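To find a chain, count down the sequence lines: A is the first, B the second, and so on, and within it residues start at 1. Keep in mind the model is a prediction, meaning the values are calculated, not measured. What you see below is based on every heavy atom in this structure, not just the backbone, and it leaves out hydrogens, waters and symmetry mates.
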Amino acid sequence: MSKYSVLGLIKNAFNDNKNWERAWRDPEPKKHYDVIIIGAGGHGLASAFYLAKNHGIKNIAVLEKGYLGGGNTGRNTTIVRSNYMLDENALFYEKSLKLWEQLSHELNFNVMFSQRGVLNLANSDSQMDAITRRGNTMRLNGIDAELLDRRQVKKMIPYLDFSKTARFQIKGGLLQRRGGTARHDAVAWGFARGADQLGVDIIQNCEVTGFKTKGNNIEIVETSRGPIGCGKVGFAVAGSTGHLASKLGMKLPIESHVLQAFVSEPLKPIIDHVVTFGAGHFYISQSDKGGLVFGGDIDMYNSYAQKGNLPLIEDVVTAGLAMIPGLSRLRIVRHWGGIMDMSMDGSPIIGKSPIDNLYLNCGWCYGGFKATPGSGWVFAHTIANDAPHELNAGLNFDRFRVGRSVDENGGGPVPNRH
Amino acid sequence: MIRIKCPYCGLRDHSEFNYIGDATKIRPVSPELANDEEWFDYIYIRDNPRGVHQEYWQHITGCRSYVKVLRDTVTHEVLKTGLPSDDLLFSYEAEK
Ligand SMILES: Cc1cc2nc3c(=O)[nH]c(=O)nc-3n(C[C@H](O)[C@H](O)[C@H](O)COP(=O)(O)OP(=O)(O)OC[C@H]3O[C@@H](n4cnc5c(N)ncnc54)[C@H](O)[C@@H]3O)c2cc1C
Ligand SMILES: [Zn+2]
């Protein structure tokens, strides 16, 4: 397969762009694979890519029940950051951010990673204390963070509600300049193309429906396109993890919940960064097409439906208007939902499972998109070596058994609180 | 909007309720005798079914009592509601 280049662009332009080759093959499933990854979202595809690239494993398949990137990868608000406090999260997400910074080059595919800065507002004195502590912790871990006071925030983002009568006064904010957004589809497509070039079979319209086990091992993966033999198996199915695990009689510290996202009618450039509210759950950025992309809380009740409910929309919009009153005349043109794998401590699970040749990649809650390259990197390492990378050793399943949860917000073992 | 029938107040919008969560988890009866595995299961492990789920909601803007709800997690249809002590799953299966 050819490399994308300026020369290629010019050449194809002369042929009316009719001769571009497929970005990835559409292979029939083989009888057996050394590694089967279930789920062709960003995480599954990145895992397959790094398994082939970093660990030289050749015989890999990624099985996808729908089309690749059609799950949460293609539904998220694309915020990328590494502003965490606990080491297990901070070091892992920072590795991921470093991979993002090189990703378009590594994949020879423009993932449109835009380091426009992520600003978390503080709307009370105690929040100011909290973000100061967070910023300091980040800097101790070598992660960039800048504390802004009210005046500095106003200079940078004048469209927030700075009026004397604002219900929630802006005290300041924590800025991570290296954070930003990326093009969600491009991430899936780039990893798919990269993995395919390294010989990975990406098999779409192939739903995993069950397993045949022998002893404590999975021998056969049953699919809608027939049984497939396997050496090792990796789950990367996000919100469907609980359902898939039930086929093995396995129960996990995870609940599935629906998160909605929204896009407004397109506007001239107004929102130059990613901005999040302190007084409520609301985050916003502007896409290259001009639409404002925003979201808030999950719907709060267990759900496997990729659609949410109206009261939550009202909630999100109320928070948005409190933060940016100028949004009030704006029309929402699209909204949708994705099923999120909410873990019991708000942190992901990447590692070994109770079954010998099965590996888990789940529990991403609100924030797995930014993890995509890092998740693939450490998951590939874990599968290839049958042992975790140092960056995901603390994010294992067994942490719950010994009560060593990685609870960034101190929310407790209640999935919808993270 | 999901509509939930509170045993005290009648049919109400779900926005009047606070979602509490899975109602099938039972705290170890004798905490001092329970082993780590039982605590692990009670605190962290969830069935997380794709389909019928038995759960608690609290009618916070109404009578404030807990309500047990049997709901489908795919269609969001409420199949049954009752008092916290009711076993809705059992009566639902029996009626089927
Ligand atoms: C509305 C919304 C907004 C979000 N915003 C952000 C954000 O701003 N920043 C951020 O970092 N994260 C965000 N997230 C979270 C992020 O999108 C996810 O954590 C991440 O994309 C998960 O990637 P994945 O590859 O694990 O899952 P997915 O992309 O969901 O991929 C899983 C795949 O598995 C497939 N699958 C499921 N079951 C089976 C089966 N039985 N057989 C075969 N295939 C199967 C699915 O079809 C799907 O394609 C958001 C999520 C949502 C829903
Ligand atoms: Zn009531």
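By the neighbour-count criterion of 12 heavy atoms within 6.0 Å, atom CZ of A/Arg404 is densely surrounded, having more than that number from other residues, nucleotides or ligands. For CZ of B/Arg3, the number of neighbouring non-hydrogen atoms (other residues, nucleotides, ligands) closer than 6.0 Å is greater than 12.
Counting only N and O atoms by type, the side chains of A/Asp299 and B/Tyr19 include no donor and acceptor under 3.5 Å apart.
Taking CD1 of B/Ile45 as the start and CZ of A/Arg401 as the end, the distance is 7.0 Å to the nearest 0.5 Å.
Aromatic ring centres of A/Tyr301 and B/His53 lie farther apart than the 6.0 Å criterion allows.
The contact between B/Trp57 and chain A is made entirely by side chain atoms (from C-beta outward), counting heavy-atom distances below 4.5 Å. For B/Phe40, the part lying under 4.5 angstrom from a heavy atom of chain A is the side chain only. Only the side chain of A/Asn416 comes within contact range of chain B, with at least one heavy atom under 4.5 Å from a heavy atom of that chain. There is no contact between A/Ser246 and chain B, counting heavy-atom distances below 4.5 Å.
B/Pro49 and A/Tyr304 make their closest contact through O-CE1, 3.1 Å (heavy atoms, listed as atom of the first residue, atom of the second, distance). Of all heavy-atom pairs spanning B/Tyr44 and A/Gly403, the tightest one is OH-CA, 4.3 Å.
Using a 4.0 Å cut-off between charged side-chain N and carboxylate O, A/Lys251 and B/Asp47 make a salt bridge.
Taking 4.5 Å as the limit, every side-chain heavy atom of A/Ser256 sits out of range of all side-chain heavy atoms of B/Arg50.
Of the residues considered (A/Thr241, A/Leu310, A/Leu252), A/Leu252 shows the highest number of contacts with chain B, using heavy-atom pairs under 4.5 Å.
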Discussion item. Let's go through B/Asn18 and A/Met300 carefully: what are the C-alpha distance in whole Å and the side-chain angles of both, what is the deciding distance for side chain to side chain contact (heavy atoms under 4.5 Å, CB included) to 0.1 Å, and is it a yes or a no?
Written reply: CA-CA 9 Å; B/Asn18 185 31; A/Met300 291 296 163; over 6 Å; no
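Under the 3.5 Å distance criterion, the side-chain polar atoms of B/Arg46 are left unmatched by any main-chain donor or acceptor of A/Gly242. With A/Asn309 contributing its side chain and B/Met1 its backbone, the two residues share a donor-acceptor pair below 3.5 Å.
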